[in-house]
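Report on the structure given below.
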Amino acid sequence: MLTTRPRGTNDITPETIARWHHIEERVRQICREFNYQEIRTPVFEHTELFVRGVGDTTDIVEKEMYTFQDRGGRSLTLRPEGTAAVVRAHLQGKLPLPAKYYYLGPVFRYERPQAGRFRQHTQFGVEVFGTQHPAVDAEIIALAVEFFRRFDLVDLEVNVNSLGCPVCRPKYRKKLLDYLTAAGGCFCQDCRNRIERNPLRILDCKQPECREVASGAPAVLDVLCAECHDHFAELQRYLTRLGIKYRVNPRIVRGIDYYTKTVFEIISQDLGAQDTVCGGGRYDGLFAAFGGPPTPATGFGMGLERLLAVLEKSDYQFPKPPRLDVFVAPMGPQAMAVAVQLLQELRQAGLRCDMDYLGRSLRAQMRQADKLDSHFAVLLGEQELEQGVAAVRAMDGGQQVAVPLTDIKAYLLAKQNQLDLP
RNA sequence: GUGGAUGUAGCUCAGCUGGUUAGAGCGCCAGGUUGUGGCCCUGGAGGUCGCGGGUUCAAGUCCCGUCAUUCACCCCA
C-alpha cells in the first residue's frame, strides 16, 4: 500500500515535532555540560562490524538485523545499535584518547512491534573511551539520571550489576552450568535454548519452575575476581557519593556480548513490558575485538521513544510552541499585491508571519488567524488602501488601529513585548 | 518467529439476535455580520464499512483467508 508506512516505523508530524526538538535540545545541552562531543556515523555499516561487535550468537545479529547487499556486492547492515560504529569511527579517525562522545539518531532492528518497541527507533547514547576508572561508569549513570531529573522524572529505578571480565566470567559460567545440570533438566523450552546461548539469562526467566531453580543458583557477584569485585564496589561508592539511588540487581544481563564488568539499566514503572528506557555498561574488550589497541570503554544507549512515552504519561509540561506574530488578511487582488510585499518586509525584520492565499472571506481569514494563534492580524481592504493604511488588530484584546503602511513594521516591532520574537 | 485483541467519515466511536437511502460527537467548509476571530445557531462536503473469497433471497453484521494496527512472549532502547 502506498499510503501505509513500513511496519514498526513512525511518522513524526508537525503536531509532535516540537516535543522532539525539545528533547533533542536537552540532549545537546546536558552533553555540553558533561563535556561530551557529538559524533555522527553512517546509518549503515559493513555487516561484519555488528557481527563481530555485538556477537554472532546474539538475537540482534541472528534475527534482527536489516542486512542488504549493495550494487557492489558488499553486505551492509542498518545499524542495530550505536556503540560498534562509534568505536569504529574512533579507530578509523585515529582520534585521541581519552574521548567522550555522544550520538543521537535512528537505529533499526527487525522485531515484532509492541508497546515501546519499533523497527526504527531513536537512540541517544554516550561513550567514554580510554579509562577503566569506575568513576566514569558512575559519571555516565549520573548523566542519565540528571537528564531524567530535568524532566522531573525522579522515580526511575537504576539497576546495576557486574558481569565480570575474561578472567572471572568463564569461571562463573562454568559454575552456573554445573549447578543447572545438577539441578536437572526441568526447564521451559526457552531456558533449554538459553542454556547454551546465554545461561545467565535463565536467572531472569519468568516461569515459576525456572525461578525456583534459579533462586538457588550461584550469584555472579560472589564469583568475581578481585579486580572486578573492587571495581564494582567502587562504582557503588561513587554512586552513593553522587546521591544516586540504585539497586544491585544480579539479573541484569544485557543482550550484547561485548559487556564486561559494569552493566546497568534504568527502568520506568510507566511503560509496558518494554520498560528499560536506558541501558548500558562497560565493554573493555571491544577495541581489541576490532583489531585496535586494547582500550577500556563504557557507555549507554537511551530510547527516546520510550522517554517520550514516559513523559506523556507524566505531568511534564512541554514548552508551548511559539505563536504566529502576524497574520495578514488581504481583501481583493490589489490588497493581495500589497500584502505580499508587506509580508516580505515583516519577515525580513524577523517576525513570524503568514497570510491567506485562498482569497477567502475576511471572516474566514480571521478564523484562520485565530486558529493559528496569531498575536496580530493586519487587515488590508479597499478602504485602507485608499488611505495608505492597514488595520492592525491585536487578537488577544481585540483593539484595532489604522497604521500607515510604511509604519507597520515599526509599529509591530514597538510591540515586541506582545510578540514571540526569539 | 509464537499467541491474543481490534479494523465503520480526517479523529474518537455507535450500528440490538444478518433486513431497505450506514449514524453521532469533534474537526473541516459555507452562511447567520454586502469587511472582522474566539461563544452560539443553521446548512454542507466527506465512507471501496481494511482487502479477497464464501454462506444467504439479503452481509458493516456470519465463515475462511489475507493485510494492517495493537498487546504479550522471545529479546531489547
Out of B:C74, B:G37, B:A30, which nucleotide sits closest to the side chain of A:D370? B:G37
Residue A:L379, side-chain atoms from C-beta onward, closest of B:G35, B:A77, B:G1: B:G35
On a whole-Å scale, what distance lies between the C1' atoms belonging to B:A22 and B:U66? 25 Å
From the candidates B:U2, B:C74, B:G37, the one with an atom nearest any side-chain atom of A:R112 is B:U2
A:A364 side-chain proximity, nearest of B:C75, B:A77, B:A30: B:A30
Within the 6.0 Å centroid threshold, strictly below: A:F300 and A:F124: yes
Touch check for A:R119, heavy atoms < 4.0 angstrom, all strands: base, sugar-phosphate only, or nothing? nothing
Paired with B:A45 by Watson-Crick or G-U wobble geometry, both distances under 3.5 Å: which nucleotide is it? none
Which of these, A:F50, A:F44, A:Y110, sits in a ring pair (Phe, Tyr, Trp, His ring centres under 6.0 Å) with A:Y66? A:Y110
Looking at B:A22, which nucleotide sits across from it as a Watson-Crick or G-U wobble partner, both distances under 3.5 angstrom, or is there none? none
With the side chain defined as heavy atoms from C-beta on, A:Q114 is closest, among B:C29, B:C75, B:C73, to B:C73
Ignoring hydrogens and geometry, is there a side-chain-to-backbone donor-acceptor pair from A:E81 to A:A84 under 3.5 Å? yes
Please tell me if the side chains of A:I140 and A:Y36 come closer than 4.5 Å, counting only heavy atoms from C-beta onward. yes
Counting only side-chain heavy atoms from C-beta out, which of B:G35, B:C73, B:G37 sits nearest to A:M366? B:G37
Nucleotide nearest A:R363 when distance is taken to its side chain, options B:C74, B:G31, B:C29: B:G31
So does A:Q236 get a backbone contact from the side chain of A:T240, meaning a donor-acceptor N/O pair under 3.5 Å? yes
Would you indicate what A:R254 reaches in the nucleic acid, counting non-hydrogen atoms under 4.0 angstrom: base, sugar-phosphate, or nothing? sugar-phosphate
Can you tell me how far apart SG (A:C353) and CG (A:L342) are? Round to the nearest 0.5 Å. 8.0 Å
Within the 4.0 Å heavy-atom criterion, would you say A:F124 contacts the bases, only the backbone, or no part of the nucleic acid? nothing
So, are A:E111 and A:R119 salt-bridged, with charged N and O less than 4.0 Å apart? no
Using a 4.0 Å heavy-atom cut-off, does A:R7 contact any base of the nucleic acid, only the sugar-phosphate backbone, or nothing at all? base
Does the base of B:A77 carry an N or O that pairs as donor and acceptor with the side chain of A:R109 under 3.5 Å? yes
Of the options B:A77, B:G1, B:C74, whose atoms approach the side-chain atoms of A:Q274 most closely? B:C74
Close side-chain approach of A:R352 and A:R323, heavy atoms under 4.5 Å: no
Which ones in residues 383-405 of chain A lie close to RNA chain B, meaning a heavy atom under 4.0 Å from one of its atoms? A:Q383, A:E384, A:R393, A:M395, A:D396, A:G398, A:Q400
Taking atom P in both B:U55 and B:G46, compute the distance separating them and give it to the nearest angstrom. 34 Å
Taking RNA chain B as the partner, which of residues 318-332 of chain A come within under 4.0 angstrom of it by heavy atom? A:M331
Could you tell me how far B:C57 sits from B:C11 if I compare only their P atoms? Round to whole Å. 37 Å
Taking the nucleotide of RNA chain B with the closest heavy atom to each, which residue, A:A115 or A:R306, is nearer the 5' end? A:A115
Nearest to the side chain of A:A273 - B:G31, B:C73, B:C75? B:C73
So, A:R19 and A:E312, do they make that salt bridge, N to O below 4.0 Å? yes
State whether the side chain of A:R52 and the backbone N or O of A:A289 hold a donor-acceptor pair below 3.5 Å, judged by distance alone. yes
Using atom C1' in both nucleotides, what's the gap between B:G15 and B:A9 to the nearest angstrom? 14 Å
